[in-house]
Amino acid sequence: MRRTLYCGNLREQHAGEKVVLEGWVNRRRDLGGLIFIDLRDREGIVQVIANPDSTCFTEADRVRPEWVVRVVGVVRSRPADQVNPKLSTGAVEVVAESLEVLAEAKTPPFPIDAGWRGEQDQSVNEEVRLKNRVVDLRRKRLHDNLRLRHKVIAAIYRFLDAEGFIGVETPYLTRSTPEGARDFLVPSRLEPGHFYALPQSPQLFKQMLMVAGYDRYFQIARCFRDEDLRADRQPDFTQLDMELSFVTQEDIIALNERLAAYILQEALGVELSLPFPRLTYAEVMNRYGSDKPDLRFGLELQDATEVFKGGEFRAFASAETVKVLVVPALLPRKEIEELEALAKSKGAAGLAWARLENSAFTGGIARFIPPGLREKIAISEGQTVLFVAGPWRKAVESLGAVRLELGKRLKLIEPGYKFLWVVDFPLLEWDEEANRWTYMHHPFTSPNLEDLPLLENNPGQVRAYAYDFVLNGSEIGGGSIRIHRRDLQERMFTLLGIGPQEAQEKFGFLLEALSYGAPPHGGIAWGLDRFVAHLAGEDSIREVIAFPKNKEGKETLTGAPAPVDETQLAAVGLAIRGNA
RNA sequence: GCUCCGGUGGUGUAGUUGGUUAACAUACCCGCCUGUCACGUGGGAGAUCGCGGGUUCAAGUCCCGUCCGGAGCGCCA
């Protein structure tokens, strides 16, 4: 008595067949002398009917939602007036001959049946959902999300295999490397007092595979970073990691956008037109105030630095940058104040404003606006102008945050998938705290060779061969061409304040590898959880991870992290220090 | 570490300027019902309103603290 097919796959063509179904009771309708059971498995639900004269009627009377049952019965077409058009199995039903209870079930803590009959699931507090993740995972939404994730990964394997990529696994127990994110440490039993670190990414391993001549590598790799969590970030996450030899930045970008188009075609049936826009870092920062702009709406920032320069409005006259956002609405005072709070949280000194009413600026800083503004920037009746003045980076980023918020509030965001590449990132940025230059991407990123002469004297101007892959305002990938010459890598380490001794100690194996004849190479890593979340239309990556961590980094199903026995600690030579 | 938001039967919500039996839906249990498909219908059980303290004649409601959860800042090469 093995299952003959999935409940959700029954169709009119099966009418007259005897079938064996196994699954969960999604819902039971007891009409007194007649009982209907919606039986569910991963493919969907089908209506099972138990007649009062059937031997299985007593069992059917006993079952409850979420019980696991095996039904043997005959498929029958429903009369036209009894077809349920909402179900893909709605043209048939199964007349039960026998019904065997395989497992009884407690009443679930929250409803899970609605999604399976094509309705909206009731929203349930996430804390309750995560505590009962097994029940939660039964819901249609998570079934759909995890199957979408699988389709994406299967498409990645097909595409990259066809492109000649070789999948290679790299170690999870590896060595701690300085900077970047905080490492997760794993104590060594064989060498007490020494630690492995879980990899933040397979970066160095894949570079060494390139030196070893594998030419095209990829891996769906788990990565670990011990930092605080967000809706789109958790400590163990999945990357699609790849690396290619003898390539340029353009080769990697072109390949990856073809991959993205293939995935969307395979997983969602969505057609994308290539190539995706390529914008420089300077351009996206100036136009959108973000290095991961959401291109699903316009509302671009504009520049008014020159208009105010040397003018009577002191606050703007000497500002490095004055950015302007023209909002197609007359914003009320209260809303502007909320937006100002947002701008300030991103480092703006304030958010100046004025409205254009009856052909004149009114309110806010209206009387300080020079006539030149309207010559430079188109502003129409009934619009609001918002300004941020200050250092360039703070000005654009804070007004960029306002842009994003207004996009949401004014419902300007169009549906769809807006991919783009951000290129020409600066190689280095100034670290105020450490009072020195630090890398923007990672220390193995190649400078743009045209800018090499600037490296020591004007490091801030040096562009990197680094690129980010952005989808709907979210960074879903990033990569770079790597340094493949030992001398240049050592020069970078020096610039970053990593002395020869430290470089040798921490990255000796890399420098050694580079001295054995390394090919020019580069690659990229995608944040797979984020990418899938976007495709699934979810705001949180927890919706596309089977067993996610909560905001506090806890895995609520097993209760990790948890204390361990004294003997386990002793085995690795550790003792817990009292909380100071 | 910080800011903001939330916590009311199993679940999802309501609860007015503080006012006495904490409401509704659904789920659950029992009864009736042969064509339902969120079946219908009658009945029942189920909440010391996250926890502690304070103000008050009176606190789900106001105040303070605390715990838990979420969004964000810092952090995340």
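Chain letters run A, B, ... following the sequence lines, proteins first, then strands; residues in each count from 1.
An OP1 or OP2 oxygen of B:U34 is reached within less than 4.0 angstrom by no side-chain nitrogen or oxygen of A:Arg29. Between A:Arg27 and B:A27 there is a side-chain N or O to OP1 or OP2 distance below 4.0 Å. Look at A:Lys346 and you'll find a side-chain N or O under 4.0 angstrom from OP1 or OP2 of B:C73. At B:C73, one or more side-chain N or O atoms of A:Arg230 fall inside 4.0 Å of OP1 or OP2 (strictly under the cut-off). One finds no side-chain N or O of A:Lys131 lying less than 4.0 angstrom from the OP1 or OP2 phosphate oxygen of B:G69.
Here the separation of B:C30 from B:G70, taken at their C1' atoms, is 40 Å to the nearest Å. Atom C1' of B:A22 sits at a distance of 8 Å from the matching atom of B:U8, rounded to the whole Å. Look at the P atom in both B:A47 and B:A23: the space between them is 12 Å, to the nearest Å. The separation of B:C68 from B:C57, taken at their P atoms, amounts to 35 Å, rounded to a whole angstrom. Taking the P atoms as reference points, B:G44 lies 30 Å from B:U61, given to the whole Å. Atom name P, nucleotides B:C2 and B:U21: the rounded distance is 41 Å, in whole Å. B:U20 and B:G65 have their C1' atoms separated by 28 Å, given to the nearest Å. Taking the C1' atom of each, B:C24 and B:C62 are spaced 26 Å apart, rounded to whole Å.
If you check B:A23 for Watson-Crick or wobble pairing at under 3.5 angstrom, you find it paired to B:U13. Base pairing annotation: B:C28 forms a Watson-Crick or G-U wobble pair with B:G44, both donor-acceptor distances under 3.5 Å. The partner of B:G18 is absent, by the rule that a Watson-Crick or G-U pair needs both atom distances under 3.5 Å. Here B:C4 sits opposite B:G70 as a Watson-Crick or G-U wobble pair (both hydrogen-bonding atom distances under 3.5 Å).
Between the side chains of A:Tyr217 and A:Asp241, a donor-acceptor pair is found at a separation under 3.5 Å. Judged by distance alone, the side chains of A:Ser540 and A:Glu543 never bring a donor and an acceptor atom under 3.5 Å apart. Side-chain contact, A:His442 with A:Arg482: a donor N or O sits under 3.5 Å from an acceptor N or O. Between the side chains of A:Ser176 and A:Asp183, at least one donor-acceptor pair of N or O atoms lies under 3.5 Å. Judged by distance alone, the side chains of A:Thr89 and A:Gln47 never bring a donor and an acceptor atom under 3.5 Å apart. With hydrogens and angles left out, the side-chain atoms of A:Asp451 and A:Gln461 include no donor and acceptor closer than 3.5 Å.
You'll find that the side chain of A:Asn84 is closest to B:C37, out of B:C37, B:C76, B:G72. The side chain of A:Leu31 has B:G35 as its nearest neighbour among B:C37, B:A27, B:G35. Proximity note for A:Arg117 (side chain, C-beta onward) versus B:G1, B:G35, B:A38: the nearest is B:A38. Picking from B:C33, B:C75, B:C76 the nucleotide with the shortest atom distance to the side chain of A:Asp30 gives B:C33. Distances were taken from every side-chain heavy atom of A:Lys551 (C-beta onward) to each of B:G72, B:C76, B:G35; the shortest belongs to B:G72.
Heavy atoms of A:Glu552 sit under 4.0 angstrom from primed sugar atoms or phosphate atoms, though from no base atom. Residue-level contact check: A:Ser123 touches the backbone only, with heavy atoms under 4.0 Å from sugar-phosphate atoms and none from bases. Residue contacts for A:Arg542: at a heavy-atom cut-off of 4.0 Å it reaches the sugar-phosphate backbone alone, with no base atom in range. Looking at heavy-atom distances under 4.0 Å, A:Pro52 makes contact with a base. Contacts of A:Lys554 with the nucleic acid, taken as non-hydrogen atoms under 4.0 Å apart, involve only primed sugar atoms and P, OP1 or OP2. At a threshold of 4.0 angstrom between heavy atoms, the contacts of A:Ser345 with the nucleic acid are absent. Nucleic acid contact for A:Leu87: none, since no nucleic acid atom lies under 4.0 Å from a heavy atom of the residue. Among the heavy atoms of the strands lying under 4.0 Å from A:Arg78 is at least one base atom, whether or not backbone atoms are also near. When heavy atoms are screened at a 4.0 angstrom cut-off, A:Arg76 is found touching base atoms of the nucleic acid. Among the heavy atoms of the strands, none lies under 4.0 Å from A:Asn51.
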List the protein contact pattern of nucleotides 3-10 of chain B with one symbol per nucleotide (5' to 3'): B for base contact, S for sugar-phosphate-only contact, - for none; contact means a heavy-atom distance under 4.0 Å. -------S
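Here the P atom of nucleotide B:G35 and the CD atom of A:Glu93 are 13 Å apart, to the nearest Å. The distance from atom CZ of A:Arg28 to atom P of B:U26 is 18 Å, rounded to the nearest whole Å. A straight line from OH of A:Tyr439 to C1' of B:C76 spans 12 Å, rounded to a whole angstrom. To the nearest angstrom, P of B:C39 lies 9 Å from CG of A:Asn26. With rounding to whole Å, A:Asp81 atom CG is found 13 Å from B:C37 atom P.
Side chain A:Arg225 to base B:C76: no donor-acceptor pair is found below 3.5 Å. No hydrogens or angles were tested; on distance alone, a donor-acceptor pair under 3.5 Å links the side chain of A:Gln82 to the base of B:G35.
Residue A:Asp38 is the one, among A:Pro443 and A:Asp38, whose nearest nucleotide of RNA chain B lies closer to the 5' end (criterion: closest heavy atom). Between A:Arg530 and A:Asp113, it is A:Asp113 whose nearest contact on RNA chain B lies nearer the 5' terminus.
In this structure, A:Trp24 has its ring center no closer than 6.0 Å to that of A:Trp67. For A:Phe507 and A:Phe493, the ring centers sit closer than 6.0 Å to each other.
A:Glu429 places no side-chain N or O within donor-acceptor distance of the main-chain N or O of A:Met440, the cut-off being under 3.5 Å.
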Pairwise N/O distances under 3.5 Å, protein to nucleotides 41-51 of chain B:
none

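Other residues, nucleotides and ligands place more than 12 heavy atoms under 6.0 Å from the CZ atom of A:Phe184.
A salt bridge does not link A:Arg233 to A:Glu227: none of the charged side-chain nitrogens sits closer than 4.0 Å to a carboxylate oxygen. Ion pairing between a basic and an acidic side chain is recognised when a charged N comes within 4.0 Å of a carboxylate O; A:Arg296 and A:Asp294 show such pairing.
Residue pairs that meet the side chain to side chain donor-acceptor pair (under 3.5 Å) test with at least one member in residues 105-118 of chain A, sequence neighbours left out, are A:Arg27-A:Asp113, A:Asp113-A:Arg117, A:Arg117-A:Glu119.
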